[in-house]
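Notes for the one structure printed next.
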Number of protein chains: 2
Amino acid sequence: MRVVIARCSVEYSGRLSATLGEATRLLMVKADGSVLIHSDGGSYKPLNWMSPPCVLREADDRWEVTNKAGERLVILLHEVFQDHAHDLGADPGLVKDGVEAQLQVLLAERPHVIGDGWTLVRREHMTAIGPVDLLVRDDQGRHVAIEIKRRGDIDGVEQLTRYLDLMNRDPQLAPVRGIFAAQEIKPQAKVLATDRGIDCLILDYDELRGIDDGRPRLF
Amino acid sequence: MRVVIARCSVEYSGRLSATLGEATRLLMVKADGSVLIHSDGGSYKPLNWMSPPCVLREADDRWEVTNKAGERLVILLHEVFQDHAHDLGADPGLVKDGVEAQLQVLLAERPHVIGDGWTLVRREHMTAIGPVDLLVRDDQGRHVAIEIKRRGDIDGVEQLTRYLDLMNRDPQLAPVRGIFAAQEIKPQAKVLATDRGIDCLILDYDELRGIDDGRPRLF
DNA sequence: TGTTGGATCTCGAGC
DNA sequence: GCTCGAGGTCCAACA
């Protein structure tokens with residue numbers, strides 16, 4: 001890992017063309033040759049960068065980073081304030097705690113929070129084009145397919161629609177209604193779901209996990 | 001901008017929970033208090049980070065970064081190898097040559113490249129679920145909706161299909177045909193589009209820009 | 001190896 | 001302020 005602080009200007013040409021005017025920035029050169037150009041602000045995304053695998057050719061006041069795809073990053077160094085290198089060694093990497101699949105497990109264990117007398121048929125019910133998250137029966141024994149997302153977008157409604165189309169061709173299952181369940185449902189997705197006769201269900205993670213009598217409401 | 005190289009371990013809890021085992025890493029502290037934790041590899045994305053606005057409370061061997069939303073990043077410093085600060089000043093920022101919007105502008109100015117006598121109705125024609133990129137009329141005055149992408153994927157065809165469904169319910173517009181236009185269209189997207197009676201149009205950026213629209217230019 | 005869907009997405013435009 | 005679409009998206013799981 002090499003860290004350079006320098007007044008520089010940058011030109012990138014590849015998937016798009018972009019330039020950076022002269023300013024003082026932090027240049028990070030990683031062991032794999034990749035280069036990151038950070039300013040003192042913004043978020044974690046660099047102003048400009050070159051991803052590995054790539055090659056850094058270094059002249060006196062000019063760095064040129066290229067890759068196989070023909071992308072090119074040229075950095076002109078006008079003044080170098082600092083140039084440090086340090087061996088970091090390998091990194092054990094980030095360990096993260098999954099939250100996504102939990103919603104499915106929790107709702108599968110508590111189908112009655114959707115309606116009294118509702119029961120689980122199975123999780124990951126297989127169809128020809130993929131598995132439906134949950135298949136349940138309502139209090140009158142009719143099938144209901146549930147698609148679960150963390151954030152309910154329009155794509156999820158499309159997905160559930162395709163499942164419902166298929167499942168309703170199966171006389172063993174038909175008629176099958178649909179419920180689109182998510183922690184948050186985008187307005188457009190709700191419009192589309194409603195238009196297609198699909199109910200929307202807002203899931204509260206903490207409520208599902210902690211309290212059995214907390215019942216989300218259909219609308 | 002402050003750059004610290006240190007052997008550290010990290011714990012994040014917020015939108016998810018995650019930990020980083022002990023290793024030597026680069027810690028970047030920006031002027032707005034945001035913190036980035038980089039290893040010597042991966043991509044431009046840090047192993048862990050905290051986005052602004054946030055507050056860094058610094059103890060002897062322990063940094064604690066928090067924000068209003070209750071997210072928390074705790075960094076335990078086991079050994080500090082380097083600790084440098086440098087004032088970078090403001091950055092003029094990245095100037096990019098837009099490609100996506102350009103295609104829309106170029107095609108909007110030259111509807112006749114699709115067919116003789118075709119005219120623009122409007123860009124960003126609003127529907128209940130979002131704006132369709134271009135609405136034009138063919139040489140016989142019939143409406144045509146055009147969805148423009150840089151890379152034509154199956155999602156784009158789905159999107160255009162939804163627009164067409166909606167627009168064809170509007171007696172003021174119906175019948176509306178669809179054209180899926182992109183610099184590059186994936187085979188699957190082309191199959192789906194064709195199956196739905198949607199025409200595909202490959203856009204050549206340089207050609208579009210270079211085509212003389214038959215009118216004198218202002219510049 | 002291509003495809004697909006998620007992301008602590010980020011970023012910018014439009015309302 | 002929010003919402004929505006795009007990204008040099010990146011990334012990993014999966015077919």
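First the proteins, then the strands, lettered A, B, ... as listed; each starts at 1. Fair warning: this is a prediction, and the values are worked out from it, not measured in the lab.
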Using whole Å, what does the distance between atom [atom2] of nucleotide [N] and atom [atom1] of [X] come to?
| X | N | atom1 | atom2 | value |
| --- | --- | --- | --- | --- |
| D32(A) | dC10(D) | CG | C1' | 15 Å |
| N48(B) | dC11(D) | CG | P | 15 Å |
| L192(B) | dT4(C) | CG | C1' | 15 Å |
| K96(B) | dT10(C) | NZ | P | 15 Å |
| L16(B) | dC9(C) | CG | C1' | 11 Å |
| Q159(B) | dA6(D) | CD | P | 6 Å |
| W49(A) | dG7(D) | CH2 | C1' | 8 Å |
| L47(A) | dT9(D) | CG | P | 18 Å |

* To do: Using a cut-off of strictly less than 4.0 Å between a heavy atom of the residue and any atom of DNA chain D, enumerate the qualifying residues of residues 37-45 of chain A by number.
  =>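 Within this stretch, K45(A) sit under 4.0 Å of the strand.
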
* **Partner set under salt bridge (charged side-chain N to carboxylate O under 4.0 Å, His left out) for D170(A), not counting sequence neighbours** =>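 Salt bridge (charged side-chain N to carboxylate O under 4.0 Å, His left out) check on D170(A) returns nothing, list empty.
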
Contacts table for residues 80-88 of chain B: side-chain donor-acceptor under 3.5 angstrom, sequence neighbours left out:
{"residue": "D83(B)", "atom": "OD1", "partner": "R2(B)", "partner atom": "NE", "Å": "3.0"}
{"residue": "D83(B)", "atom": "OD2", "partner": "R2(B)", "partner atom": "NH2", "Å": "2.8"}
{"residue": "D87(B)", "atom": "OD1", "partner": "G89(B)", "partner atom": "N", "Å": "3.4"}

* To do: Using the test side-chain hydrogen bond (donor to acceptor under 3.5 Å, both in side chains), find all partners of E11(A) that sit at least two apart in sequence or belong to another chain.
  =>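 By the side-chain hydrogen bond (donor to acceptor under 3.5 Å, both in side chains) rule, E11(A) matches no residue at all.
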
* Asked: Looking only at atom types and distance, does a side-chain atom of H38(B) sit under 3.5 Å from a main-chain N or O of L26(B), one as donor and one as acceptor?
  ->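 Absent.
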
* To do: May I ask you to verify if any side-chain N or O of R15(A) is less than 4.0 angstrom from the OP1 or OP2 atom of dT9(D)?
  =>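 Looking at the OP1 and OP2 atoms of dT9(D), one of them is under 4.0 Å from a side-chain N or O of R15(A).
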
* Determine the contact category for L73(A): base if any of its heavy atoms lies under 4.0 Å from a base atom, sugar-phosphate if only primed atoms, P, OP1 or OP2 are that close, otherwise nothing. =>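 If one applies the 4.0 Å heavy-atom cut-off, L73(A) turns out to touch nothing in the nucleic acid.
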
* Contact class for M50(B) (heavy atom, under 4.0 Å): base, sugar-phosphate, or nothing? ->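 It contacts nothing in the nucleic acid.
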
* salt bridge (Lys or Arg N to Asp or Glu O under 4.0 Å) partners of residues 26-42 of chain A, not counting sequence neighbours, each pair once ->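 Every candidate salt bridge (Lys or Arg N to Asp or Glu O under 4.0 Å) pair involving residues 26-42 of chain A fails, so no pair, neighbours aside, qualifies.
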
* Taking only residues two or more places apart in sequence, or in another chain, which ones meet Y44(A) in a ring-ring contact (aromatic ring centres under 6.0 Å, His included)? ->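 Partners of Y44(A) under the ring-ring contact (aromatic ring centres under 6.0 Å, His included) test: W49(B).
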
* **Partner of I146(B) by side chain to side chain contact (heavy atoms under 4.5 Å, CB included), out of I114(B), L135(B), L160(B)** =>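 Running side chain to side chain contact (heavy atoms under 4.5 Å, CB included) over I114(B), L135(B), L160(B) with I146(B) returns exactly one hit, I114(B).
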
